[in-house]
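Reading through the structure tokens given below for one structure.
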Protein chains: 4
Amino acid sequence: MGQTGKAVGGEPREAERRRTILRAAIDVFAEKGYHGCRIADVAQQAGVAYGLVYHYFKNKDELLRSVFEVGWSGFVARIREAADGERPVAEKIRQVCEVAFEAYRVDPRGVRVIIFEIARSPAGDGVNRRASFDEVIGLCEAMFERARSLGELREGLEPKLAALMLFGAVEYGLTGFVIGMFDANDEEGLRRVKQQVAESLLGGVLRGAAPEEKTWKPARSAAKSRADKRT
Amino acid sequence: MGQTGKAVGGEPREAERRRTILRAAIDVFAEKGYHGCRIADVAQQAGVAYGLVYHYFKNKDELLRSVFEVGWSGFVARIREAADGERPVAEKIRQVCEVAFEAYRVDPRGVRVIIFEIARSPAGDGVNRRASFDEVIGLCEAMFERARSLGELREGLEPKLAALMLFGAVEYGLTGFVIGMFDANDEEGLRRVKQQVAESLLGGVLRGAAPEEKTWKPARSAAKSRADKRT
Amino acid sequence: MGQTGKAVGGEPREAERRRTILRAAIDVFAEKGYHGCRIADVAQQAGVAYGLVYHYFKNKDELLRSVFEVGWSGFVARIREAADGERPVAEKIRQVCEVAFEAYRVDPRGVRVIIFEIARSPAGDGVNRRASFDEVIGLCEAMFERARSLGELREGLEPKLAALMLFGAVEYGLTGFVIGMFDANDEEGLRRVKQQVAESLLGGVLRGAAPEEKTWKPARSAAKSRADKRT
Amino acid sequence: MGQTGKAVGGEPREAERRRTILRAAIDVFAEKGYHGCRIADVAQQAGVAYGLVYHYFKNKDELLRSVFEVGWSGFVARIREAADGERPVAEKIRQVCEVAFEAYRVDPRGVRVIIFEIARSPAGDGVNRRASFDEVIGLCEAMFERARSLGELREGLEPKLAALMLFGAVEYGLTGFVIGMFDANDEEGLRRVKQQVAESLLGGVLRGAAPEEKTWKPARSAAKSRADKRT
DNA sequence: CATGAATGAGTCTTCATTCAT
DNA sequence: CATGAATGAAGACTCATTCAT
């Protein structure tokens, strides 16, 4: 009882406990989803008592928020580093991809949770997803804004949309690994995909110059008529 | 408008009810998410009695599955139409975008639910999300495969990744509307975004030919060192 | 529509329907028990529409009551026949057994329901089980009462208890068939058991005269001490 | 009285709670039957919160099973003690009766539940009633088997049937108390009934030697003809 | 009479959160 | 700080009963 154990020094045991629980939460969220997991699962995974979770986190929602914040803040910081500054956009974009894929390489579970459980889910009302989303998008939007002012951006492409597309491409690229379409253990594959995502974004998915069609005609006929008779 | 549908005459009392409930479910899912919605909400929204929902749907999960299938099957069919055939990839890609954005224009709530609640969420175990996802991705992968064999695809870009990126870009483009970054009521805006997504995918986000950098160096230094001291 | 069909004559179709449903109820009750069965089951088994059950029976409870009454009234009448009159008790007792086993032979399902679902279950509050139970027991009690007054009854055996034991023995004998300890299809076996029950009741389970022990000592020591420490 | 039990000291908080709930369940089952009882009733009766029941019992069915097992296992053990061994059958039978009536005296509610709600009811699918029933019957069957081999059993009486009849007589004897035909508070009456049951089983309900009728004629005429026009 | 869709009260069960030890 | 028993609100699901056609 009360054996203080390992009173070696360094960081307080409290912070360590907290991190243990947080880590457990990430793992459990990653596996079963926020709603599919119970506090009991987290406690068990962390190897602590049921009630202890509530010593470190006000409630389940705050736990989710913490998971998010811990992971997200670092990510945003690195994205900011990548997107800010005077370097050419191309390089910045490559760096953004680098950051995202590296984050995944280092902590796939964590990325999975952030992407699937938080960023794109109505769950965890405590998490201000919208604001966080806006934050990164905003960073890249600014990046593209500058690119546009320098004449680097594709004609007619709104910076905000460019930012969204960038993240869309990155997220789906990662999704390929998350859901097992690609082998998540293959570091070389991870690198290759990262590079392809970046280069395709920069220069398009097609070979050579973009065949920018001048006469865009929606060809709406078929698609639309059918679409209208949906439920 | 045109909501009455199928007023042909005959036996459609039952089918109509079913559709009413399905529609209500979509609306409630769209607003509160799968987990946040209660059967009671659906019933109320549909204007029917609680128990009636269970006349038409075995349980909450089957309701979700139906919502998904109804919306998804039509979508997939249209994507198939867009991605199949002998036309040039560029045109096909534009058509895929067309289909997605049109689906959103016609039924934003439905698309929101499919994207946010079903396709990318661990909820609704009954829904074989994975298979469905694979299905569309597979369609586009085949499209890009053919493009590659015709030499139309960017060198070194895997068709599967290309397919993922296509959907990533499209989904994030739509996300801009879903979360209100863009004005969802502005049809002109919707059209513009659609076009930009397509053209950027085709030719890249940058102006002119892709500045395919020969000497790619990960610039891993900063990103990695920091990433390693994860939680 | 409205095809009157088979307007042959005889008993009204209504009564026939009613009997069909009743029979179905017996079969379903026998299989799943009163609580385990739903009106839908009965309707299906009877091959009629859901709602029709409610045309013929006020509610589930009345259905059970009817099942009981139909079966029970006939049974009681026959028991009365067996127990009344001037014949010697032994013969009467044999006749009571005869009635019970014959009822089982003719309609095992019905007997099963009456024994398991109605006579000995708190279910079917509408059924005045107690009164019905009292009725048969009363009949046999009277029978034994007369036997006592004629000096035929075992010394010190209360008629009421004798009546209870009679039914206990009979019911358990039948239970052997109901639960499959004995082969319910073996008519010979049925006959044999019936006879054994009757004769054992009459003359005891032991061979020869009863070894009526004079000095009854409860031997309570062991049993009681242990019994007391039960939950 | 003596309710406090096991006040030994140690860790019995948990076990005590469990017993409290079990006891409450027995009481509620006894009063309203398995189906008529709600978990809320049990909780209230036990004076604990609703959810606590689920801490100690997986679900309603397991609660029932526990009620059964706790009561039944003790009962079976005592029956075994009574039925096994080398003593004369007569004594054993008396001991079996002793055990059953004593069990009732000590815990009438518990016996009521076991007899009415569990042993002879299709409810509580979790309970392997059949096996339990077979168990006790088997014990007594063995007892009668030995008696037969010693020539103590009535000629032609199958041990299995004898076992069934024994329990039938005992159960119905107890039923007299359970349903209030006899005064359950009258210990003297209880003793008297117990003795009568035992002696009647041993020597028959009739006075003197069994009037084993040689010419058994079913007198089927009346009973059968009527029985055939069943519902 | 017949049908089966519609209704909604009644219960079980889960699980986040609290609290006594 | 730790523990895990205790609490009770919330919500899915069932099914007897009603009722419009």
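To find a chain, count down the sequence lines: A is the first, B the second, and so on, and within it residues start at 1. Side chains included, hydrogens not; waters and symmetry mates left out as well; all remaining heavy atoms used.
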Base-pairing assignment for E/dT11 (Watson-Crick or G-U wobble, both under 3.5 Å): F/dA12

Rounded interatomic separation in angstrom, taking OH from B/Y54 and C1' from E/dA9: 14 Å

Test item: B/K60 side-chain N/O and B/C37 main-chain N/O as donor-acceptor pair under 3.5 Å: yes

Phosphate contact (F/dA6 OP1 or OP2) by D/R17 side-chain N/O below 4.0 Å: yes

Min side-chain heavy-atom separation C/R23-C/Q45 under 4.5 Å: no

Residue mapping more 5' on DNA chain E - nearest nucleotide basis, A/R38 or B/Y56: B/Y56

Length of the CG-P vector between D/N59 and E/dC15, whole Å: 14 Å

Touch class at under 4.0 angstrom, heavy-atom based, for C/F57 against every strand present: nothing

Below 4.0 Å: OP1/OP2 of F/dT7 and any side-chain N or O of D/Y50: no

Protein-nucleotide distance (A/E62, atom CD; E/dA16, atom P), rounded to Å: 15 Å

Separation of E/dT14 P from A/D41 CG (nearest whole Å): 13 Å

Distance, rounded to the nearest Å, where B/E16 contributes CD and E/dA5 contributes P: 15 Å

5'-most by nearest nucleotide on DNA chain F - A/G51 or B/K60: A/G51

Any donor-acceptor N/O pair, A/D41 side chain to A/R38 backbone, under 3.5 Å: yes

Rounded distance in Å - NE2 (C/H35) to P (E/dT11): 11 Å

Pairing nucleotide - F/dT21, Watson-Crick or G-U, each distance under 3.5 Å: E/dA2

Touch class at under 4.0 angstrom, heavy-atom based, for D/L52 against every strand present: base

Upstream residue (5' side of DNA chain F) when B/I39 and D/H55 are each assigned their closest nucleotide: D/H55

Whole angstrom value for the distance that separates P of F/dA12 from CG of B/D61: 12 Å

Between P of E/dC19 and NZ of A/K58, the distance in whole Å: 13 Å

Given DNA chain E, 5'-ward residue of the pair A/C37 and B/A49, judged by closest heavy atom: B/A49

Aromatic ring pairing A/Y34/A/F29, orientation class (parallel under 30°, perpendicular over 60°, tilted between): perpendicular

Heavy-atom check, side chain of A/Y56 versus side chain of A/L22, under 4.5 Å: no

